[in-house]
Amino acid sequence: MSLTLSNVILHQFSKNEQDELSVQLREQELEHTDTTSELVAELHRVYSSKGAKGFGRFAEESEFGYWLKQCRQGELDFLTFSNQASQRLQSELVKYPFADAGTLVMAQYQSLATDYLFIGLLPTCHSMKVTDQLDISATDYLDVSKMEIVARIDLSSWETDPECNRYLTFIKGRVGRKVADFFLDFLQAEVGLDVKVQNQVLMQAVEDFCADSRMDKEEKQQYRKQVYDYCNGQLQAGEEVAVKELSGELPATEAGVDFYQFTSNQGYELEETFPADRAAMRKLTKFVGSGGGLTINFDSMLLGERIFYDPDTDTLTIKGTPPNLKDQLQRRQNSDT
């Protein structure tokens with residue numbers, strides 16, 4: 001990976017005996033060595049591969065955004081900027097019961113002609129190692145794969161298009177930990193692009209386009225599959241869904257209106273590009289549901305063929321039970337009788 005490192009520094013967050021969180025500030029930046037470059041490259045790689053990201057932008061009154069702008073313009077050195085940011089993060093973290101100790105990594109670098117600022121609070125893990133004298137020694141290491149409290153700012157996008165609503169990304173974290181909330185407070189940022197909503201709107205637009213085009217059942221199934229194949233291909237390739245590009249792969253209506261024109265004319269307010277959401281696109285080709293100890297998952301093309309739904313009695317009828325399930329059911333039935 002081609003990565004040019006500009007600045008990198010570590011600050012330590014720890015808890016005392018009273019369980020109070022404090023921050024130990026490093027007095028100078030880390031030297032640019034192969035080790036620091038490898039660390040930042042690994043952070044960039046792992047972060048890019050993680051899903052469930054939120055998108056945002058700085059609020060107008062963002063103090064963090066103001067400090068960052070000063071740093072980029074040379075009015076504030078990176079060390080001072082990182083110290084101020086670390087103290088601000090500490091003041092936000094102490095408000096939450098889940099605040100953990102860890103190592104704060106702040107790195108400014110360039111990858112593929114794009115400037116980034118990475119900010120992550122990485123957990124420190126304890127392990128054992130064998131020394132050169134074949135003794136056992138305790139050691140601590142940064143668990144990069146388990147990072148959750150992380151944000152990355154696309155500095156190039158921010159500086160060329162300040163009105164963009166997605167130059168700031170962050171990992172949403174586990175449900176219930178409110179990671180997104182406090183990290184947005186720390187950065188004084190606001191939610192921008194909502195990926196889930198964009199995907200839901202796209203799925204609704206697909207259904208409306210099929211209905212407007214008066215497609216029969218088979219045509220609708222084929223159309224949904226084409227949309228799914230495109231979105232899944234983009235997801236696998238690490239690329240975003242481009243509505244105009246998607247439209248080019250889909251048939252137009254008899255009146256000559258393509259999908260892109262349809263979404264524009266009907267005011268669906270789709271972004272030109274946005275990340276695909278796996279859960280949303282799965283609904284194009286499958287029915288999935290669970291609750292009360294029951295989980296059902298089947299291809300949508302089976303509805304009306306092998307699987308029938310009666311809304312009056314709220315029942316599903318399945319014709320042709322899968323052999324392995326049929327065998328389990330027969331064995332249990334025989335044993336119970």
Side-chain angles (χ1 to χ4, degrees), residues 1-8 40 43-45 47-76 78 81-82 84-85 88 106-120 150-172 180-181 183-202 205 231 234-235 237-248 260-261 263-265 267-277:
M1 178 185 293
S2 176
L3 186 147
T4 303
L5 185 59
S6 299
N7 308 90
V8 59
V40 175
L43 292 171
H44 179 79
R45 184 194 66 79
Y47 181 82
S48 298
S49 68
K50 283 185 174 287
K53 292 190 184 73
F55 293 79
R57 51 175 295 173
F58 292 126
E60 289 186 11
E61 69 280 3
S62 173
E63 191 174 34
F64 182 94
Y66 175 71
W67 293 337
L68 180 56
K69 184 176 292 185
Q70 283 186 308
C71 184
R72 293 288 288 174
Q73 293 174 347
E75 300 172 5
L76 193 68
F78 190 79
F81 163 67
S82 72
Q84 293 177 175
R88 178 172 179 79
M106 296 186 66
Q108 187 172 299
Y109 61 93
Q110 185 180 88
S111 177
L112 301 177
T114 301
D115 291 333
Y116 292 102
L117 175 69
F118 176 94
I119 311 169
V150 187
R152 188 174 69 186
I153 300 160
D154 183 332
L155 299 170
S156 299
S157 294
W158 176 47
E159 291 169 347
T160 56
D161 183 13
E163 299 304 313
C164 175
N165 65 353
R166 54 186 301 183
Y167 55 75
L168 187 155
T169 61
F170 56 92
I171 295 177
K172 291 184 177 180
D181 290 347
F183 220 55
L184 287 177
D185 289 342
F186 155 59
L187 297 169
Q188 292 171 295
E190 53 195 23
V191 174
L193 176 71
D194 192 322
V195 174
K196 189 173 291 293
V197 168
Q198 285 290 301
N199 278 268
Q200 289 172 346
V201 172
L202 175 64
C231 293
Q234 296 298 98
L235 187 65
E239 302 290 339
E240 296 192 353
V241 172
V243 180
K244 186 173 288 188
E245 184 178 77
L246 167 62
S247 178
Y260 183 77
Q261 293 171 321
T263 58
S264 300
N265 295 340
Y268 283 93
E269 297 185 357
L270 285 168
E271 297 280 336
E272 290 292 323
T273 64
F274 52 87
D277 180 71

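Residues satisfying the ring pair (Phe, Tyr, Trp, His ring centres under 6.0 Å) test with Tyr268, not counting sequence neighbours, are Phe262.
Judged by distance alone, the side chain of Gln108 and the main-chain N or O of Asn7 form no donor-acceptor pair under 3.5 Å. Between the Asn199 side chain and the Asp277 main chain, a donor and an acceptor come within less than 3.5 Å of each other. Side chain of Gln188 to backbone of Ala59: no donor-acceptor contact under 3.5 angstrom is found. One N or O on the side chain of Lys53 and one on the backbone of Tyr47 form a donor-acceptor pair closer than 3.5 Å. Under a 3.5 Å cut-off, the side chain of Ser62 and the backbone N or O of Leu187 do form a donor-acceptor pair. Listed for the Asp154 side chain is no donor-acceptor partner under 3.5 Å among the backbone atoms of Leu117. A donor-acceptor pair is defined here as one N or O able to donate and one able to accept, closer than 3.5 Å; no such pair exists between the side chain of Gln198 and the backbone of Leu270.
Under a cut-off of 6.0 angstrom, the local environment of CD in Glu269 is sparse, with at most 12 non-hydrogen atoms contributed by other residues, nucleotides or ligands. For CD of Glu60, the number of neighbouring non-hydrogen atoms (other residues, nucleotides, ligands) closer than 6.0 Å is 12 at most. Within a 6.0 Å radius of NZ in Lys196, no more than 12 heavy atoms belonging to other residues, nucleotides or ligands are found.
Rounded to the nearest 0.5 Å, atoms CD (Gln84) and CG (Leu76) are 5.0 Å apart. Of the inter-residue distances, the one linking Leu5 atom CG with Ser111 atom OG reads 11.5 Å to the nearest 0.5 angstrom. Here NZ of Lys50 is found 5.0 Å from CD1 of Ile171. Values are rounded to the nearest 0.5 Å. The OG atom of Ser247 sits 9.0 Å away from atom OH of Tyr260, with the distance rounded to the nearest 0.5 Å. How far OG of Ser264 is from NZ of Lys244: 8.0 Å, rounded to the nearest 0.5 Å. Atom-to-atom distance recorded for Leu3:CG and Leu112:CG is 9.0 Å, nearest 0.5 angstrom.
With contacts defined as side-chain heavy-atom distances shorter than 4.5 Å, the pair Glu75/Lys69 does not qualify. Val191 places a side-chain heavy atom less than 4.5 Å from the side chain of Leu184. The closest side-chain heavy-atom distance from Val150 to Phe170 is not below 4.5 Å. Looking only at side-chain heavy atoms (C-beta outward), Leu202 and Phe274 come within less than 4.5 Å of each other.
The pair Glu159-Arg72 counts as a salt bridge, with a side-chain nitrogen and a carboxylate oxygen less than 4.0 angstrom apart. Salt bridge absent: Glu271 and Arg166 never bring a charged side-chain N and a carboxylate O closer than 4.0 Å.
For Phe78 against Val8, the heavy-atom pair with the smallest separation is CE2-N, 4.3 Å. Here the closest non-hydrogen pair linking Arg88 and Asp185 is NH2-O, 3.3 Å. For the residue pair Ala276 and Leu235, the shortest heavy atom distance occurs at O-CD1, 3.8 Å. Taking every heavy atom of both residues into account, Met106 and Ala85 meet most closely at CE-CB, 4.1 Å. Residue Leu193 comes nearest to Phe55 through the heavy atom pair O-CB, 3.5 Å, listed as atom of the first residue, atom of the second, then distance. In terms of heavy atoms, Ser48 sits closest to Arg152 at OG-NH1, 3.0 Å.
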### Query
What's the verdict on side chain to side chain contact (heavy atoms under 4.5 Å, CB included) for Phe118 and Ile153, showing C-alpha distance, side-chain angles and the deciding distance?
CA-CA 7 Å; Phe118 176 94; Ile153 300 160; over 6 Å; no
### Query
After noting the C-alpha distance and the side-chain angles of Glu163 and Asp161, does the key distance pass the side chain to side chain contact (heavy atoms under 4.5 Å, CB included) rule?
CA-CA 5 Å; Glu163 299 304 313; Asp161 183 13; 3.9 Å; yes
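Remark: the Glu240 side chain and the Thr273 side chain contain an N/O donor-acceptor pair separated by less than 3.5 Å. Between the side chains of Tyr116 and Ser156, not a single donor N or O lies within less than 3.5 Å of an accepting N or O.
Aromatic ring orientation, His44 versus Tyr109: perpendicular (interplanar angle above 60°, classes split at 30° and 60°). The aromatic rings of Tyr167 and Trp158 sit tilted relative to each other, their planes meeting at an angle between 30° and 60°.
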